[in-house]
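Notes for the one structure printed next.
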Amino acid sequence: MGFLVNIQTLLNQRIQAAMVASGAADDAPALVRQSAKVQFGDYQANGIMGAAKKIGTNPREFAAKVLEQLDLSDIAEKVDIAGPGFINIFLKNEWLGAQLGEQRKSERLDVAVVADPQTVVVDYSAPNLAKEMHVGHLRSTVIGDAVVRTLEFLGHKVVRQNHVGDWGTQFGMLLAYMERLRAQNSKISMALSDLETFYRAAKTCFDDDEAFAARARELVVALQSGDEECLALWNEFIDISMAHCEETYKMLGVSLARQDVMPESAYNDDLENVINELQTQGLLQESDGAKCVFMEEFANKDGEITPIIVQKTGGGFLYATTDLAAVRYRQKVLNADRVLYFVDARQSLHFQQIFTLSRKAGFVEPTTSLEHMPFGTVMGSDGKPFKTRSGGVAKLSALLEEAQERAFQLVASKNPDMAEDEQRNVGRVVGIASVKYADLSKNRTSDYVFNWDNMLSFEGNTAPYLLYAYSRVASIVRRSEIDVSSINAPITIAAEQERALAVKLFQFEEAIQQVVSDGMPHFLCAYLYELSGVFMTFYEACPILAAESGLKESRLQLALNTASTLQLGLSLLGIETLERM
RNA sequence: GCGCCUGUAGCUCAGUCGGAUAGAGCAUCCGCCUUCUAAGCGGACGGUCAGGGGUUCGAAUCCCUUCAGGCGCGCCA
């Protein structure tokens with residue numbers, strides 16, 4: 001039998017029970033955390049002081065009473081009271097070794113599947129199909145995908161929703177330009193092979209040519225009223241643009257597929273219903289000809305309310321309307337328990353409004369959780385939003401090409417003896433991993449600086465460092481010439497470097513729990529970086545292949561568990577590993 | 001004007017939701033390759049956690065306030 005729960009949860013449960021038995025309130029938390037310093041053991045319980053205060057006793061005396069009720073002799077070597085009333089827990093080496101053996105037999109490294117799986121709808125990536133994907137789409141796409149993979153791994157039912165922008169006034173301009181090209185007998189598919197150029201050309205016509213602009217506006221109306229020719233043209237455009245996105249997803253290693261696309265236009269027929277529903281409920285108010293909802297939650301001190309406009313003067317709908325329809329769909333059709341929106345932080349007011357209104361209007365069950373997972377902007381080294389050298393918006397595909405090329409140059413210089421096709425492949429994996437990891441490893445909510453040298457460095461919390469750590473283990477396994485699946489020797493923990501590695505290996509589950517609860521993959525990145533560091537230290541201090549029989553098998557298993565954990569962890573982040581680099 | 005976010009070492013970033021002496025990497029300096037990949041490891045240096053109040057056994061973390069920066073705020077998405 002493996003872990004039922006991770007160590008932290010296990011200790012929490014046991015210590016809390018002991019606290020209650022010693023007279024603490026039923027809900028007094030044990031607050032077990034990884035210890036801040038080695039002298040404080042492996043885990044520390046911080047809840048004693050607070051609980052003692054509540055029942056009016058001396059914290060250290062209370063801690064002593066708790067210890068009398070607490071039996072951790074099966075897993076802990078030593079349990080101490082320290083400082084004002086901390087409990088320090090030192091895990092037992094024998095127990096660590098035995099548990100590691102169990103972990104190695106499990107394909108999922110003993111990480112439990114959640115007991116109560118949820119249906120989690122995740123809205124991420126959502127590029128605007130009018131243009132090509134650019135660097136601004138990186139964060140939503142990469143972070144969303146990592147969270148999706150982690151949720152699925154833990155056993156939740158995930159429904160990906162790629163809420164692509166395929167509707168709106170700008171499409172009139174694009175369709176008008178397609179019409180013009182067609183009239184000139186130009187190949188439309190050729191022109192659309194570079195969407196960025198196409199968009200700029202259309203925009204130039206729109207700005208400079210009055211007749212063109214008028215035609216563009218006509219086409220918007222025609223499109224929205226379902227004109228067949230117009231729709232055919234639009235479909236052609238969308239198809240090509242979507243194919244561009246899919247190419248980028250493939251290069252990036254993102255799990256989004258065509259079936260995950262639920263575009264804005266899919267809600268068109270439901271927008272009228274949303275308005276009617278709001279009307280029926282008396283939530284709607286007309287203001288300057290537009291239909292709005294005024295909610296007191298969004299009033300300032302003077303009572304002035306920032307409304308949501310759901311229908312323009314003249315009848316047009318807005319993205320708020322679409323988002324409301326999407327909430328309804330996600331609740332009523334997809335049966336979401338939780339909906340996560342990986343969308344730019346600048347839209348946080350918008351989402352607060354949508355969420356508040358959705359609750360008021362009963363579009364979601366009270367128990368359904370709607371969570372905006374905002375993220376900051378990617379900045380250049382000048383501290384301003386990231387641009388190309390020429391000052392334009394960086395196309396994502398071009399950025400990824402550059403990453404692969406830079407990584408290839410690096411590999412070729414460090415490892416000139418490797419065959420070129422392998423260097424290319426290493427360059428591809430390292431390049432893509434570096435871009436993704438640089439993004440994933442930073443706290444989601446803050447802006448971050450895009451810097452080639454930092455992300456491609458082999459030092460520090462970077463993808464190349466992690467991939468290198470993994471390839472070192474792979475190299476040892478190759479050289480050992482042992483059929484690793486047949487190893488059955490016990491794992492013995494003696495050296496401090498072995499011990500540090502063993503403890504760290506158990507904390508994988510704690511890291512991925514944080515990823516799903518907060519939608520923040522950087523917790524997993526930090527964990528994998530620490531694991532790699534602890535492994536490197538172990539690797540330097542503890543010879544594996546040269547060790548005596550028995551010890552060799554024991555250490556080899558520690559290395560194998562490290563490899564499995566790195567590979568699984570990186571795969572949850574959407575990052576490939578390399579056996580050689 | 002109102003609201004949201006951010007401010008931690010020279011630089012890039014963490015800080016497990018109120019816990020013990022605030023941590024990494026880069027840069028700088030000093031060590032370690034006849035032994036499993038030195039793309040590595042060990043060590044040193046470096047801090048008024050933007051400033052000021054408050055809450056309490058305890059605050060980078062919570063509250064108030066000032067300053068600096070970013071972003072939003074009725075018919076774009």
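Residue numbering restarts at 1 for every chain, and letters A, B, ... go by the order of the sequence lines. What you see below is based on every heavy atom in this structure, not just the backbone, and it leaves out hydrogens, waters and symmetry mates. Here the structure is a predicted model, which is why all the values come from computation and not from measurement.
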Open item on the list: What contact category does A:Glu264 fall into here, base, sugar-phosphate, or nothing, at under 4.0 angstrom with non-hydrogen atoms?
Closed with: sugar-phosphate
TODO: Please state whether the base of B:A77 and the side chain of A:Tyr319 form at least one donor-acceptor pair under 3.5 Å?
DONE: yes
TODO: Scan A:Ser446 against the nucleic acid and name what it touches under 4.0 Å (heavy atoms): base, sugar-phosphate only, or nothing.
DONE: sugar-phosphate
TODO: For A:Met49, report the nucleic acid contact type (base, sugar-phosphate, nothing); a contact means any heavy atom under 4.0 Å.
DONE: base
TODO: May I ask you to say whether A:Glu422 pairs ionically with A:Arg580, meaning some side-chain N is under 4.0 Å from a carboxylate O?
DONE: yes
- [ ] Run the salt-bridge test on A:Asp42 and A:Arg499 with the 4.0 Å N-O cut-off and return the result as yes or no.
- [x] yes
Task: N/O (side chain, A:Lys414) to phosphate O (OP1/OP2, B:A38) under 4.0 Å - done: no
Task: Salt bridge present between A:Arg555 and A:Glu548 (N-O < 4.0 angstrom) - done: no
Open item on the list: Which label fits A:Phe351 and A:Tyr341: parallel for a plane angle under 30°, tilted from 30 to 60°, or perpendicular past 60°?
Closed with: tilted
Open item on the list: Base contacts versus sugar-phosphate-only contacts with protein, heavy atoms under 4.0 Å: please encode nucleotides 24-36 of chain B as B, S and - from 5' to 3'.
Closed with: SSS---------B
Task: Rounded C1' spacing from B:A60 to B:A14 in Å - done: 12 Å
- [ ] May I ask you to say what A:Asn443 touches in the nucleic acid, namely base, sugar-phosphate or nothing, with a heavy-atom cut-off under 4.0 Å?
- [x] sugar-phosphate
Open item on the list: Can you check the distance between B:A24 and B:G46, where both ends of the measurement are the C1' atom (answer in whole Å)?
Closed with: 13 Å
- [ ] Mind telling me whether A:Trp452 and A:Phe450 have parallel, tilted or perpendicular rings, with 30° and 60° as the class edges?
- [x] perpendicular
Task: Distance-only donor-acceptor test, A:Thr313 side-chain atoms vs B:C75 base atoms, 3.5 Å - done: yes
- [ ] Between B:C62 and B:C4, how far apart are the P atoms? Round to whole Å, please.
- [x] 14 Å
- [ ] Quick one: look up who B:C49 pairs with, Watson-Crick or G-U, both distances under 3.5 Å, and put none if it's unpaired.
- [x] none
Open item on the list: If the cut-off is 4.0 Å, is A:Tyr465 near the phosphate of B:C41, judged by side-chain N/O to OP1 or OP2?
Closed with: yes
Task: Qualifying residue for side-chain contact (heavy atoms from CB on, under 4.5 Å) with A:Val429, from A:Asn425, A:Val426, A:Ile432 - done: A:Asn425
TODO: For B:U8 and B:A59, measure between their C1' atoms and round to the nearest Å.
DONE: 14 Å
Open item on the list: In whole Å, measure the gap between the P atoms of B:U6 and B:G53 for me.
Closed with: 24 Å
Open item on the list: Students often get this wrong, so: under 4.0 angstrom with heavy atoms, is A:Asn88 touching a base, only sugar-phosphate, or nothing?
Closed with: base
Open item on the list: Is A:Lys312 close enough to B:C76 that one of its side-chain N or O atoms is under 4.0 Å from OP1 or OP2 there?
Closed with: yes
Open item on the list: Can you see if the side chain of A:His522 gets near the phosphate of B:G15 - specifically, an N or O under 4.0 Å from OP1 or OP2?
Closed with: yes
Open item on the list: Checking side-chain polar atoms at under 3.5 Å, does A:Gln44 have a donor or acceptor matched by the opposite partner on A:Asn46?
Closed with: yes
Open item on the list: Please classify the nucleic acid contact of A:Lys291 as base, sugar-phosphate, or nothing, using heavy-atom distances under 4.0 Å.
Closed with: nothing
Task: Rounded distance in Å - CD (A:Gln347) to C1' (B:G72) - done: 10 Å
Open item on the list: Considering every strand and a 4.0 Å limit on heavy-atom distances, what is the contact class for A:Ala511: base, sugar-phosphate, or nothing?
Closed with: nothing
Task: Integer-rounded Å distance: B:C2 P and A:Ile305 CD1 - done: 18 Å
TODO: Could you check whether the rings of A:Tyr267 and A:Tyr329 sit parallel, tilted or perpendicular, using 30° and 60° as the cut-offs?
DONE: perpendicular
Open item on the list: Taking pairing as Watson-Crick or G-U wobble with both contacts under 3.5 Å, can you name the mate of B:G18, or confirm there isn't one?
Closed with: none
TODO: Using a heavy-atom cut-off of under 4.0 Å over every strand shown, decide if A:Asp344 touches base, sugar-phosphate, or nothing.
DONE: nothing
